[in-house]
S.K.: 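Handing you this structure, nothing more for now.
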Amino acid sequence: MSYVDEVFEALKKKHAGEDEFLEAAERVIETIKPAVEANEEAYRKAALLERLVEPERIITFRVPWTDDSGKNHVNLGYRVQFNSAIGPYKGGLRFHPSVNQSILKFLGFEQIFKNSLTGLPIGGGKGGSDFDPKGKSDAEVMRFCQSFMTELFKYIGADEDVPAGDIGVGGREVGYMYGQYKRITGLYEGVLTGKGLSFGGSLARPEATGYGLVYITDEMVRNAGKSLKDATVVISGSGNVAQYATQKAEQLGAKVVTLSDSNGYIYDPDGIKLDVVFEIKNVKRGRIKEYVEKVPTAKYFEGERPWGVKCDIALPCATQNEINGEDAKKLIENGCWAVAEGANMPSDADAIDAYLKAKILYMPGKAANAGGVATSALEMSQNSERLSWTFEEVDGKLKDIMVGIYHKVAEAAKKYSYETDFVTGANIAGFEKVADAMMAQGMV
Ligand code: NDP
Ligand code: 2IT
């Protein structure tokens, strides 16, 4: 059995039941085979892959908190510190009822390669809780965040582990957690990113994941001789990533016709009006179906996902495994010629097979959504030098990073597979730097 297969077989036995993690690990390990085989003896001797697939540590803790009626609750809190070979652990916190160790391990594992692709010195980590912020008051969210940080603060630091947002964690939650960290430690340091502008946040961080997704999509379609101008774009989700992907796609002349949440999707044939979405989602914290009350020419489809809508480009920006093989087939049959992932692992294995078989343009999440964490690293740089850069400066660097990622991925694809196999390209390009650092640092 090859070294790669041996390691994956052992992993499956050791972590049976961790479906999301095993799915992510299998996909990476399978596609980095040619790069591993080129150095198989040295990597095997150094147990490189065995170390790569095990987190350096996982911290789990209870999070007790009291709701507004005085009732007590206990949630689970986690931080997966996956790999610090190329920098301090870096990655978001997710608050969602579905959160468990397998999901956070999959996200932390993906983060290693994503962070490597940015070219910046950040290792891989992820954390969160099964707490559901939906329907909670600001005071409840604050008490939860304070309790969560009262345990987490022991394990993080500006040069150690720097969490940020993800699903269910935005500016409000980061603010409450930052306040509690500062209160407990007395340190005014860049321990979290995605902070508010008045206390060390970076301009363009809220926009960064969605903008970065569209920058890399633009570079990908241009290199294929196509254009975003006048393209019809289908987007899922209606949170941070979906909103700013919509904004940048519209700025570049595309027409975005859908957004969604876990209850259904909206279709606006005239193009999504983002000011309406901002008001519903960011001010009222409401549901996306409210859009059709404000824009009567739009339609709402309860319980459905938007993949049956005819489009040129699909940008999934909600959550993992939101596109299955059937959905992918529908997209391709309807003429979709490019998919780029704002979410982490939104396409399942069958969907990816369908894209690769049809040879449509497909940029996987770890490359396509790296603009968020890259801009987080720029926030860390600004915090270290105690300066704030302008929006144009940060946005310009973000754009350069995303264009750079496209070319790294495309070159690795060409070298190890075929020209547009960006799955192999992204995994190998991300892996090489981490492998090099791990080999140089010895058995740690
Ligand atoms: P938000 O919490 O701002 O928004 C999440 C959106 O996705 C909401 O519309 C939500 O709908 C929908 N969603 C979440 N879970 C599900 C589900 N199980 N089924 C259907 N829809 C769901 O999160 P973000 O926009 O920050 O994150 C979206 C994706 O992008 C995630 O995969 C995240 O990991 C990834 N990402 C985020 C980055 C960032 O900087 N924020 C960086 C890189 C990747 P509902 O309200 O119904 O739950
Ligand atoms: O998945 C991700 O890359 C994020 N949620 C952003 C992480 C970060 O540290 O900014």
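Just follow the structure's listing: the first ligand is 1, and inside any ligand the first atom is 1.
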S.K.: Can you list the ligand 1 atoms lying under 4.0 Å from a non-hydrogen atom of G237?
M.R.: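 Reading through ligand 1 atom by atom, the close ones are 9 (O).
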S.K.: Do the side chains of E290 and K284 get close enough for a salt bridge, i.e. N-O under 4.0 angstrom?
M.R.: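 Result for this pair is yes, salt bridge flagged.
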S.K.: Please report the shortest heavy-atom distance between S129 and F148, naming the atom on each side.
M.R.: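 That closest heavy-atom pairing would be CB-CE1, 4.1 Å.
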S.K.: Atoms of ligand 1 less than 4.0 Å from K134 heavy atoms?
M.R.: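 So the answer, numbered in order with elements, is 45 (P), 46 (O), 47 (O), 48 (O).
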S.K.: Examine the proximity of ligand 1 to E322 and report which part, side chain or backbone, both or neither, has a heavy atom under 4.0 Å away.
M.R.: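 Looking at E322 and ligand 1, no heavy atom falls under 4.0 Å.
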S.K.: With the threshold set at under 4.0 angstrom, would you say Q320 reaches ligand 1 through any of its heavy atoms?
M.R.: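 Under 4.0 Å: no for Q320.
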S.K.: When you measure from atom 10 (O) of ligand 2 to every protein heavy atom, which one gives the shortest distance, and what is it?
M.R.: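 Of the protein heavy atoms, S376 OG, 2.5 Å lies nearest.
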S.K.: Which residue from A318, G212, P133, G194 reaches closest to atom 31 (C) of ligand 1 through any of its heavy atoms?
M.R.: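 Looking at heavy atoms only, A318 sits closest to atom 31 (C) of ligand 1.
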S.K.: Enumerate the atoms of ligand 1 whose separation from the nearest heavy atom of H96 is less than 4.0 angstrom.
M.R.: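 Result: 15 (N).
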S.K.: Please write down residue, atom name and distance for the protein heavy atom closest to atom 41 (N) of ligand 1.
M.R.: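 Ranking protein heavy atoms by distance from atom 41 (N) of ligand 1, first comes N240 OD1, 3.7 Å.
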S.K.: Could you tell me which atoms of ligand 1, counted from 1 in the order shown, lie closer than 4.0 angstrom to a heavy atom of C317?
M.R.: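 Those qualifying, in numeric order: 28 (C), 29 (C).
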S.K.: Suppose we measure from atom 4 (O) of ligand 1 to each protein heavy atom; which comes out shortest, and what is that distance?
M.R.: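 For atom 4 (O) of ligand 1, the nearest protein heavy atom is G239 CA, 3.3 Å.
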S.K.: Does the D161 side chain pair with the main chain of I156, one donor and one acceptor, at a distance under 3.5 Å?
M.R.: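 The answer is no, because no donor-acceptor pair under 3.5 Å joins these two groups.
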S.K.: Below 3.5 angstrom, do we get any N/O pair linking D261 and ligand 1?
M.R.: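 Such a contact does not occur with ligand 1.
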S.K.: Any side-chain donor paired with an acceptor under 3.5 Å for R386 and Y188?
M.R.: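 Note: R386 and Y188 side chains miss the donor-acceptor criterion.
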S.K.: Which residue and non-hydrogen atom of the protein lie closest to atom 2 (O) of ligand 1, and at what distance in Å?
M.R.: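 Result: G168 N, 2.9 Å.
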S.K.: Do any nitrogen or oxygen atoms of N369 lie less than 3.5 angstrom from nitrogen or oxygen atoms of ligand 1?
M.R.: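 Between N369 and ligand 1 (N or O atoms, distance only) the closest approach is not under 3.5 Å.
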S.K.: Does any N/O atom on G165 come nearer than 3.5 Å to any N/O atom on ligand 2?
M.R.: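 G165 vs ligand 2: N/O contact under 3.5 Å present.
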S.K.: Are Y291 and Y265 near enough that their ring centres are under 6.0 Å apart?
M.R.: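 Judged by ring-centre distance (under 6.0 Å), Y291 and Y265 do not meet the cut-off.
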S.K.: Between the side chain of N383 and the main-chain N/O of G200, is any donor-acceptor distance below 3.5 Å?
M.R.: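 Between the backbone of G200 and the side chain of N383 there is a qualifying donor-acceptor contact (under 3.5 Å).
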S.K.: If the threshold is 4.0 Å, N to carboxylate O, is there a salt bridge linking K154 and E151?
M.R.: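 So K154 pairs with E151 through a salt bridge.
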S.K.: Kindly state whether the ring of Y267 and the ring of F301 have centres lying under 6.0 angstrom apart.
M.R.: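 Not close enough - the centres of the two rings lie 6.0 Å or further apart.
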S.K.: What atoms in ligand 1 come closer than 4.0 Å to a heavy atom of S238?
M.R.: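 Listed by number with element, the hits are 9 (O).
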S.K.: N263 versus ligand 1: do any nitrogen or oxygen atoms come within less than 3.5 Å of each other?
M.R.: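 No.
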S.K.: Please classify the T209 to ligand 2 contact at 4.0 Å (heavy-atom distances, strictly less than): side chain, backbone, both or neither.
M.R.: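 Answer for T209: neither.
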S.K.: Could a heavy atom of R94 be found less than 4.0 Å from some atom of ligand 1?
M.R.: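 Yes, R94 has a heavy atom closer than 4.0 Å to ligand 1.
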S.K.: In terms of side-chain heavy atoms, does Y89 have a donor or acceptor partner in N115 at a distance below 3.5 Å?
M.R.: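 Looking only at side-chain atoms, N115 and Y89 do not form any donor-acceptor pair under 3.5 Å.
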S.K.: Do D421 side-chain atoms and A413 backbone N/O form a donor-acceptor pair below 3.5 Å?
M.R.: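 Judged by distance alone, no pair lies under 3.5 Å.
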S.K.: Give me the one residue out of I29, L49, I112 that meets side-chain contact (heavy atoms from CB on, under 4.5 Å) with F431.
M.R.: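 Only match with F431 under side-chain contact (heavy atoms from CB on, under 4.5 Å): L49.
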S.K.: Do any N/O atoms on V241 end up under 3.5 angstrom from N/O atoms on ligand 1?
M.R.: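 Yes.
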S.K.: Do K126 and ligand 1 have an N or O pair less than 3.5 Å apart?
M.R.: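 No, since none of the N or O atoms of K126 sits under 3.5 Å from an N or O of ligand 1.
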S.K.: Please list the nearest protein heavy atom to atom 9 (O) of ligand 2 with its residue and the distance rounded to 0.1 Å.
M.R.: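 Result for atom 9 (O) of ligand 2: K90 NZ, 2.6 Å.
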S.K.: When you look at CG of D353, are more than 12 heavy atoms from neighbouring residues, nucleotides or ligands closer to it than 6.0 Å?
M.R.: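 Counting other residues, nucleotides and ligands, CG of D353 exceeds 12 neighbours.
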S.K.: Side chain or backbone of P346 under 4.0 Å from ligand 1, or both, or neither, by non-hydrogen atoms?
M.R.: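 None of P346 does.
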S.K.: Does ligand 2 have a heavy atom under 4.0 Å from the side chain of R94, from its backbone, from both, or from neither?
M.R.: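 Near ligand 2, R94 shows nothing, with every heavy atom at 4.0 Å or more.
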S.K.: Do any nitrogen or oxygen atoms of S262 come within less than 3.5 Å of a nitrogen or oxygen of ligand 1?
M.R.: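 For ligand 1, there is an N or O atom that lies under 3.5 Å from one belonging to S262.
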S.K.: Would you say the side-chain atoms of K114 and N369 include a donor-acceptor pair closer than 3.5 Å?
M.R.: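 There is such a pair between these side chains.
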S.K.: Measuring from non-hydrogen atoms of Q111 to any atom of ligand 2, is the shortest distance under 4.0 Å?
M.R.: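 The answer is yes, since Q111 has a heavy atom less than 4.0 Å from ligand 2.
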S.K.: Applying a strict 4.0 Å limit to heavy atoms, is E110 in contact with ligand 2?
M.R.: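 Heavy atoms of E110 never come under 4.0 Å of ligand 2.
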S.K.: Should you measure from each heavy atom of S260, which atoms of ligand 1 turn up under 4.0 Å away?
M.R.: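 Every atom of ligand 1 under 4.0 Å from some heavy atom of S260: 9 (O).
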S.K.: Tell me whether atom 10 (C) of ligand 1 lies less than 4.0 Å from at least one protein heavy-atom position.
M.R.: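 So atom 10 (C) of ligand 1 lacks protein heavy-atom neighbours under 4.0 Å.
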S.K.: Looking at atom 7 (C) of ligand 2, what's its closest protein heavy atom, distance included?
M.R.: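 Checked against all protein heavy atoms, atom 7 (C) of ligand 2 sits closest to G92 N, 3.5 Å.
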S.K.: Quick one: look up the protein heavy atom nearest atom 23 (O) of ligand 1 and list residue, atom name and how far away it is.
M.R.: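 That would be I167 CA, 3.5 Å.
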S.K.: Under 3.5 Å, is there a donor-acceptor pair between the S238 and Q243 side chains?
M.R.: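 Side chains of S238 and Q243: no pair found under 3.5 Å.
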S.K.: Tell me whether K114 has any N or O atom under 3.5 angstrom from an N or O of ligand 1.
M.R.: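 In fact, backbone or side chain, K114 has no N or O that close.
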S.K.: Quick one: which ligand 1 atoms are inside 4.0 Å of a heavy atom on R287?
M.R.: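 Per the distance check, 45 (P), 46 (O), 47 (O).
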S.K.: Sub-3.5 Å donor-acceptor pair from the side chain of K273 to the main-chain atoms of G271, do we have one?
M.R.: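 Flag set: sc K273 to bb G271 pair under 3.5 Å.
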